[in-house]
Amino acid sequence: MPELPEVETVRRGLLKIAKGRKIAAIDIHYEKTITNENIAWFKETLIGATIVNVDRRGKYLLFRFDNQMTMVSHLRMEGKYYNLPEDGEIHKHTHVVFHLDDDTKLCYSDSRKFGRMTLVKNDEALQVAGLKTIGPEPTAETLTVEYLQKIMHASRREIKPFLLDQSNVAGLGNIYVDEVLWMSKIHPKEHANLVSDEQIEQLRDNIIQELAVATEHHGTTVHSYTNAFGNAGEFQNHLHAYGNAGKPCERCGTPFKKIKVAQRGTTYCPHCQILTENEND
DNA sequence: CGGTCTGTTCTTCG
DNA sequence: TCGAAGAACAGACC
């Protein structure tokens, strides 16, 4: 389940093997991965084009080509890129294969078939659904205290679904939301507008730091698949809350509880993370 | 074997 | 206009 640190790790892996490479041929084994209406056009437009860069915005990868086109790729839960020699045997669940001009192939596999790719002109990339409404990148420059305070004051949503909403802040998913809420001592069901300005500042700092440190560790590996970019991560060894239900909180020793918040599995410390008003779980 | 669960985004409904 | 809930995706697991 790639979140920002994992997607950034994939981006760096892609740059190393694909930047400067020309697409020689494309095999598509599962057409729904490509959301363009015209699959033939998708292939024709990319064959002969050279990958000049791979950018990232939130959890979206943007492959930039020398023909002024951008392929937007979202991995959703299980999407993975990996690289093989041209004569290598592709893994199960491989839906798209880009044959490159250096006798290798860039493969996309996705056991759940949730991931999507779409090809658009460069200047239309930010109009793609999902990117059009995406919030600021979680960096010190782009995610300001003022911005976070403004949008949190204006929302009565529970903080967890609020932070999972990519239009508020880009890049957070289930794992890192549980982590930053634990670090910031905020209950996952706390309403955004009831969080104090001081706590918002803490939360903002924690989001920025947590994602940066996780990126340094190449993200969190949940299911490990060798040879796929972004699966060498070892940040799972640094998680405090996620996956620790029943184990003692590092700060106070109270066992972590696991509950549902907005239909999502949520781990939190019932002692450190307290609701300001109700005593509901 | 049937039900549940999984994460993310989009769509629908109130 | 907002937020909650459902839909969709497909497979792993009990």
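In what follows, chains carry the letters A, B, and so on, assigned in the order in which the sequence lines appear, proteins first and then strands, with residues in each chain numbered from 1.
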K.L.:
From NZ of A:K59 over to C1' of B:dT9, roughly how many Å is that when rounded to an integer?
P.N.:
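From A:K59 NZ to B:dT9 C1': 10 Å.
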K.L.:
Honestly curious: do A:I51 and A:L75 fall in one hydrophobic cluster under the side-chain, below-4.5 Å linking rule?
P.N.:
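A:I51 clusters together with A:L75.
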K.L.:
Return the value, rounded to whole Å, for the distance between atom CG of A:D165 and atom P of B:dG7.
P.N.:
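One finds 17 Å between P of B:dG7 and CG of A:D165, rounded.
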K.L.:
With axes from five pairs an end, tell me the bend angle of the helix from B:dG2-C:dC14 to B:dG14-C:dC2, nearest 10°.
P.N.:
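Axis-to-axis angle, ends of the helix: 50°.
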K.L.:
Can you tell me the distance, in whole Å, between the CE atom of A:M77 and the P atom of B:dT6?
P.N.:
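Roughly 9 Å, once rounded to whole Å.
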K.L.:
Have a look at A:A262 and say if it touches a base, only the backbone sugar-phosphate, or nothing, with a 4.0 Å heavy-atom cut-off.
P.N.:
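Contact class for A:A262: none.
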K.L.:
Going by the ring-ring contact (aromatic ring centres under 6.0 Å, His included) test, name the single residue among A:F63, A:Y81, A:F98 that passes it with A:Y108.
P.N.:
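With A:Y108 as partner, A:F63, A:Y81, A:F98 yield a single ring-ring contact (aromatic ring centres under 6.0 Å, His included), made by A:Y81.
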K.L.:
B:dT9 phosphate, OP1 or OP2: any side-chain N/O from A:H74 under 4.0 angstrom?
P.N.:
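Checking A:H74 against B:dT9: at least one side-chain N or O falls below 4.0 Å of OP1 or OP2.
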K.L.:
Verify side-chain contact (heavy atoms from CB on, under 4.5 Å) between A:Y242 and A:N174, making sure each step is shown before the conclusion.
P.N.:
CA-CA 8 Å; A:Y242 183 87; A:N174 207 35; 4.1 Å; yes
K.L.:
Side chains of A:T276 and A:E190: any donor to acceptor distance under 3.5 Å?
P.N.:
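The answer is yes; a qualifying pair exists.
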K.L.:
For the side chain of A:Y60, counting heavy atoms from C-beta on, which of B:dT8, B:dT9, B:dG7 is nearest?
P.N.:
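Ranking B:dT8, B:dT9, B:dG7 by closest atom to the A:Y60 side chain puts B:dT9 first.
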K.L.:
Let me know the distance between NZ of A:K32 and C1' of B:dT8, rounded to the nearest Å.
P.N.:
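So the NZ-C1' distance, A:K32 to B:dT8, works out to 16 Å.
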K.L.:
Between A:K160 and A:D178, does any side-chain N to carboxylate O distance fall below 4.0 Å?
P.N.:
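The answer is yes: the pair qualifies as a salt bridge.
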K.L.:
Take atom CG of A:N174 and atom P of B:dT8, then tell me their distance rounded to the nearest Å.
P.N.:
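Taking CG of A:N174 and P of B:dT8, I get 6 Å after rounding.
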K.L.:
Taking side chain to side chain contact (heavy atoms under 4.5 Å, CB included) as the criterion, tell me which of A:L181, A:L172, A:L4, A:V177 meets it with A:I207.
P.N.:
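It is A:L172; the other options fail the test.
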K.L.:
Where the side chain of A:H95 meets the backbone of A:D110, is there a donor-acceptor pair that is under 3.5 Å apart?
P.N.:
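It does hold such a pair.
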K.L.:
For residues 33-62 of chain A, pull every pair meeting ring pair (Phe, Tyr, Trp, His ring centres under 6.0 Å), keeping only residues two or more places apart or in separate chains.
P.N.:
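Pairs touching residues 33-62 of chain A that pass the test: A:Y60-A:H74.
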K.L.:
For the pair made of CD1 in A:I134 and P in B:dT9, what is the distance, rounded to whole Å?
P.N.:
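After rounding, the gap between these two atoms is 8 Å.
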K.L.:
Kindly compute the distance separating CG (A:L84) from OG1 (A:T94), expressed to the nearest 0.5 Å.
P.N.:
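Those atoms lie 8.0 Å apart.
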K.L.:
Closer than 4.0 Å, any side-chain N/O of A:R264 to the OP1 or OP2 of B:dC5?
P.N.:
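Indeed not, no polar side-chain atom of A:R264 lies that close.
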K.L.:
Which whole-number value in Å describes the distance from A:I175 CD1 to B:dG7 P?
P.N.:
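It is 8 Å, rounded to the nearest whole Å.
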K.L.:
Figure out the CD/C1' separation between A:E3 and B:dT6, and round it to whole Å.
P.N.:
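Computing the A:E3:CD to B:dT6:C1' distance gives 13 Å.
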K.L.:
Please figure out whether A:Q166 or A:R112 has its closest DNA chain B nucleotide nearer the 5' end.
P.N.:
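This one resolves to A:R112.
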K.L.:
Using a 4.0 Å cut-off to any heavy atom of chain A, which nucleotides of DNA chain C are the first and last in contact, reading 5' to 3'?
P.N.:
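Answer, 5' to 3': C:dG3 to C:dG11.
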